[in-house]
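Okay, structure first, notes after.
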Amino acid sequence: MVMQDRLAVVDGLLALPFPGKNTWKGCQSSGPGFHVYVLQASRSFWDDRSEEIVEAAQAEIDTAFQALATALTARWGEPQTVDLEPYLWGRIKRRNR
C-alpha cells in the first residue's frame with residue numbers, strides 16, 4: 001500500500017460512523033467509539049523467524065509507520081499516545097473462538 005492509499009484509508013475511517021457493537025471485517029475492526037485498520041502487516045515473521053528476516057520485515061513496517069506519522073503530523077500537529085491494547089485483545093479473543 002502506498003502513502004496515498006494509507007491516507008485515503010485514514011480519511012475514510014474519519015468519515016465512517018461508529019457501529020453500535022464490535023465488528024471485524026477483513027483488515028478493519030470497529031465498535032462504539034473506535035475504528036482499527038491494519039495498514040501493513042508481514043507474514044514473514046511466521047514463515048521464517050530468522051533474525052535477518054524479522055529485522056527486514058520490522059524495518060519495512062517501521063519505515064511505513066514513520067512516513068505515515070510524518071504525513072499525519074503535517075496535517076494535524078504532534079501526535080498523542082493512545083493505548084490500543086483493549087481493542088487488540090478483543091480481536092485476538094474473537095479469532096480464538
Side-chain angles (χ1 to χ4, degrees):
M1 183 181 295
V2 297
M3 180 58 62
Q4 294 157 321
D5 295 337
R6 288 184 180 102
L7 291 172
V9 168
V10 170
D11 291 337
L13 292 172
L14 289 170
L16 193 63
F18 299 121
K21 63 179 186 168
N22 291 348
T23 62
W24 180 263
K25 183 177 179 183
C27 295
Q28 182 179 330
S29 176
S30 296
F34 76 92
H35 297 298
V36 176
Y37 193 95
V38 177
L39 294 172
Q40 184 163 342
S42 173
R43 295 220 178 247
S44 297
F45 294 113
W46 305 111
D47 298 337
D48 181 354
R49 293 180 186 229
S50 65
E51 189 173 329
E52 68 183 31
I53 295 294
V54 171
E55 286 179 1
Q58 186 63 49
E60 182 181 329
I61 290 170
D62 287 346
T63 299
F65 168 77
Q66 289 300 327
L68 181 60
T70 298
L72 294 177
T73 298
R75 278 185 178 188
W76 300 322
E78 290 299 315
Q80 296 177 351
T81 300
V82 175
D83 181 12
L84 298 177
E85 187 172 356
Y87 306 112
L88 297 175
W89 282 116
R91 176 180 168 218
I92 291 169
K93 288 177 186 173
R94 284 193 302 277
R95 282 189 163 182
N96 290 333
R97 288 183 185 173

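Hydrogens, waters and symmetry mates play no part in the numbers below; they use all other heavy atoms, side chains included. What you are looking at is a predicted structure, and each value in this text was computed from that prediction instead of being measured.
- With sequence neighbours left out, Phe34 forms a ring-ring contact (aromatic ring centres under 6.0 Å, His included) with Tyr87.
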Exercise answer: donor-acceptor pairs, residues 61-68 side-chain atoms, under 3.5 Å, sequence neighbours excluded:
from	atom 1	to	atom 2	distance (Å)
Asp62	OD1	Gln58	NE2	2.8
Thr63	OG1	Ala59	O	2.9

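- Sorted by first then second residue, the side-chain hydrogen bond (donor to acceptor under 3.5 Å, both in side chains) pairs that include residues 71-80, not counting sequence neighbours, are Asp11-Arg75.
- Under the rule for a side-chain contact (heavy atoms from CB on, under 4.5 Å), the partners of Ala71 that lie at least two apart in sequence or sit in another chain are Met3, Leu7.
- Annotation: salt bridge (Lys or Arg N to Asp or Glu O under 4.0 Å) contacts involving residues 13-41, sequence neighbours excluded, are absent.
- The side-chain hydrogen bond (donor to acceptor under 3.5 Å, both in side chains) search around Gln40 returns Arg6, Glu60, not counting sequence neighbours.
- Counting only heavy atoms from C-beta outward, the side chains of Phe18 and Pro32 never approach each other to under 4.5 Å.
- A search for side-chain contact (heavy atoms from CB on, under 4.5 Å) contacts involving Val82 returns Leu84, not counting sequence neighbours.
- With sequence neighbours excluded, the residues forming a side-chain contact (heavy atoms from CB on, under 4.5 Å) with Leu16 are Leu13, Gln28, His35, listed by chain and number.
- Remark: Thr81 pairs with no residue by the side-chain hydrogen bond (donor to acceptor under 3.5 Å, both in side chains) rule, at least two apart or across chains.
- Hydrophobic clustering, with ILVMFWY side chains joined whenever heavy atoms are under 4.5 angstrom apart, keeps Leu39 apart from Val2.
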